[in-house]
Amino acid sequence: MFIWLAELSASVPALNVFRYITFRTGAATATAMFFVFMFGPAIIASLRVRQGKGQPIRTDGPQSHLAKKGTPTMGGLMILSGVLVSALLWANLANPYVWVVLFVTLGFGAIGFYDDYLKVTKQSHKGFSGRLRLGIEGLIGFVACVVIVLVSRETLPPARELLATSVAIPFVKDLLIDLGWFFAVFGTLVIVGAGNAVNLTDGLDGLAIVPVMIAAATFGFIAYLVGNAIFANYLQLNFVQGVGELSVLCGALIGAGIGFLWFNAPPAQIFMGDTGSLALGGMLGTIAVATKHEIVLAIVGGLFVLEALSVIVQVASFKLTGKRVFKMAPIHHHFEQLGWTEPQVVIRFWIIAVVLALVGLSTLKLR
């Protein structure tokens, strides 16, 4: 919203600063962080009263987690509120990519909220039908991908229209795999997969939010470069007009994440819940699709991929052989069963997230 102040820069030159994505990204980060710091305690108090005993803890999980019973969930509401307020204030609302990302974020957040609501009201770790949930997520993701393709085609020159429906291969210059309209299906899988992978990672205090912020910082940087013709040309990236504005949303996510971590640091005063984890994963997945860096997301978000794969392997192994590969899945519980303390698991996984982000960033230069 504040971007319109740049139009007054002829009269007040200082207002030209509102034109710069870098300035508005920093402002979005500060705004979202301030919002969560200010309203976080009130939100936690309200959720604690409304939820009573709070998020039910799985009885088949680590016994140490039983002490967390009574901690309110749906903390994702804090993050989403901070992101939304910050985006409305600092993002260019005339940019269609902004609305596509917000559509997926809020849509996935609503699904997660309903799932959390059922868990709390029924005092059970089971939400609503997994198939129905995946179906709705898929529909939201598919609509978003179709819009992304259409918007991309409008801004691309005729010689580069192929990019709109292609997958870019990292580390290789100008290698595109055109999927046609099947790209919308591929993009949907990326978005839904990212949302559920982050959801599976959210099992320990602070475990999910920091890797999410690391990924958001990485993709904020990628979006800025890809959306800048000069930088994209220098780094031999596929220029996508307009996606630079997504850096502002990434900044908002980082700010809201920092504020949330203040309350989610162990021992957590509130859990993110599906409300936050599904929404944030979906947001990252959509940004990856819009910036044409879907494969890089699998590298940067490798920790989320590992968590999801551990569940898939565990379930498949048990159904096929009757044996479990891990002591407990997702894999962060496996390490708890091996004797790692919760802080050890969390901090070591943070380190892995940082290393993977650096590897992902290396794809920008190694061509």
Is any side-chain heavy atom of [Y] closer than 4.5 Å to one of [X]?
| X | Y | value |
| --- | --- | --- |
| L280 | M272 | yes |
| V300 | L356 | no |
| F34 | V85 | no |
| L132 | I136 | yes |

If a pair satisfies salt bridge (Lys or Arg N to Asp or Glu O under 4.0 Å) and one of its residues is in residues 257-266, list it, with sequence neighbours excluded. none
Counting distance only, does the side-chain N/O of [X] pair as donor-acceptor with the main-chain N or O of [Y] below 3.5 Å?
| X | Y | value |
| --- | --- | --- |
| S86 | A28 | yes |
| Q314 | F326 | yes |
| D116 | D274 | yes |
| T291 | I287 | yes |
| H333 | I331 | no |
| S317 | K323 | yes |

How about F39 and F35: are their ring centres within less than 6.0 Å of each other? yes
Quick check on [X]: does its [atom1] atom have over 12 non-hydrogen neighbours (other residues, nucleotides or ligands) under 6.0 Å away?
| X | atom1 | result |
| --- | --- | --- |
| I230 | CD1 | no |
| F23 | CZ | yes |
| F37 | CZ | yes |
| W262 | CH2 | no |
| R324 | CZ | no |

Residues which pass side chain to side chain donor-acceptor pair (under 3.5 Å) with [X], listed by chain and number, not counting sequence neighbours:
| X | answer |
| --- | --- |
| T105 | none |
| Y20 | N16 |
| T218 | none |
| T155 | none |

Considering non-hydrogen atoms only, spot the tightest contact between [X] and [Y] and give its length.
| X | Y | value |
| --- | --- | --- |
| F142 | T188 | CA-OG1, 3.1 Å |
| V296 | P170 | CG2-CB, 4.0 Å |
| K292 | A164 | NZ-O, 3.4 Å |
| P211 | G206 | CD-O, 4.5 Å |
| T363 | F171 | CG2-CZ, 3.2 Å |
| D205 | A268 | OD2-N, 3.1 Å |

Distance from [X] atom [atom1] to [Y] atom [atom2], nearest 0.5 Å?
| X | Y | atom1 | atom2 | answer |
| --- | --- | --- | --- | --- |
| D178 | L162 | CG | CG | 4.0 Å |
| N228 | I21 | CG | CD1 | 8.0 Å |
| L297 | T286 | CG | OG1 | 10.0 Å |
| L284 | I191 | CG | CD1 | 11.0 Å |
| L237 | I222 | CG | CD1 | 8.5 Å |
| L207 | H332 | CG | NE2 | 6.0 Å |

Check the pair F183, V289 against side chain to side chain contact (heavy atoms under 4.5 Å, CB included), reporting the backbone distance first and the verdict last. CA-CA 10 Å; F183 176 81; V289 172; 3.9 Å; yes
Check: residues 242-261 side-chain donor-acceptor pairs under 3.5 Å, at least two apart:
| unit_1 | atom_1 | unit_2 | atom_2 | d |
| --- | --- | --- | --- | --- |
| E245 | OE1 | R24 | NH2 | 3.2 |
| E245 | OE2 | R24 | NH1 | 2.3 |
| E245 | OE2 | R24 | NH2 | 3.3 |
| E245 | OE2 | N92 | N | 2.8 |
| S247 | OG | G220 | O | 2.7 |
| S247 | OG | Y224 | N | 3.2 |
| S247 | OG | G244 | O | 3.1 |

If we ignore angles and hydrogens, is there a donor and acceptor under 3.5 Å between the side chains of H334 and Q337? no
Report yes or no: do Y117 and T73 form a side-chain donor-acceptor pair below 3.5 Å? no
With sequence neighbours left out, the residues meeting salt bridge (Lys or Arg N to Asp or Glu O under 4.0 Å) with E307 are none
Stepwise side chain to side chain contact (heavy atoms under 4.5 Å, CB included) test for L134 and N196: CA-CA 9 Å; L134 285 174; N196 285 279; 3.7 Å; yes
Cation-pi geometry met for K119 and F113 (6.0 Å, 45°): no
Are [Y] and [X] linked, directly or through intermediate hydrophobic residues, by side-chain heavy-atom contacts shorter than 4.5 Å (ILVMFWY only)?
| X | Y | answer |
| --- | --- | --- |
| Y97 | W99 | yes |
| F239 | I295 | no |
| V354 | L306 | yes |
| F318 | V313 | no |
| L235 | I169 | yes |

Tracing side-chain links under 4.5 Å among I, L, V, M, F, W and Y, which residues wind up in one group with V311? L200, V315
What residues form a ring-ring contact (aromatic ring centres under 6.0 Å, His included) with Y114, not counting sequence neighbours? F128
Under the criterion side chain to side chain contact (heavy atoms under 4.5 Å, CB included), I'd like the reasoning laid out for V143 against F103: C-alpha separation, chi angles, the key distance, then a yes or no. CA-CA 10 Å; V143 171; F103 167 70; 4.1 Å; yes
With sequence neighbours excluded, tell me which residues meet side-chain contact (heavy atoms from CB on, under 4.5 Å) with [X].
| X | result |
| --- | --- |
| L176 | L163, S166, A168, N238 |
| A27 | W90 |
| I44 | R48, P72, M78, F263, Q269, I270 |

For the pair V212 and M283, evaluate side chain to side chain contact (heavy atoms under 4.5 Å, CB included) and give the outcome as yes or no after the intermediate values. CA-CA 10 Å; V212 163; M283 181 178 182; over 6 Å; no
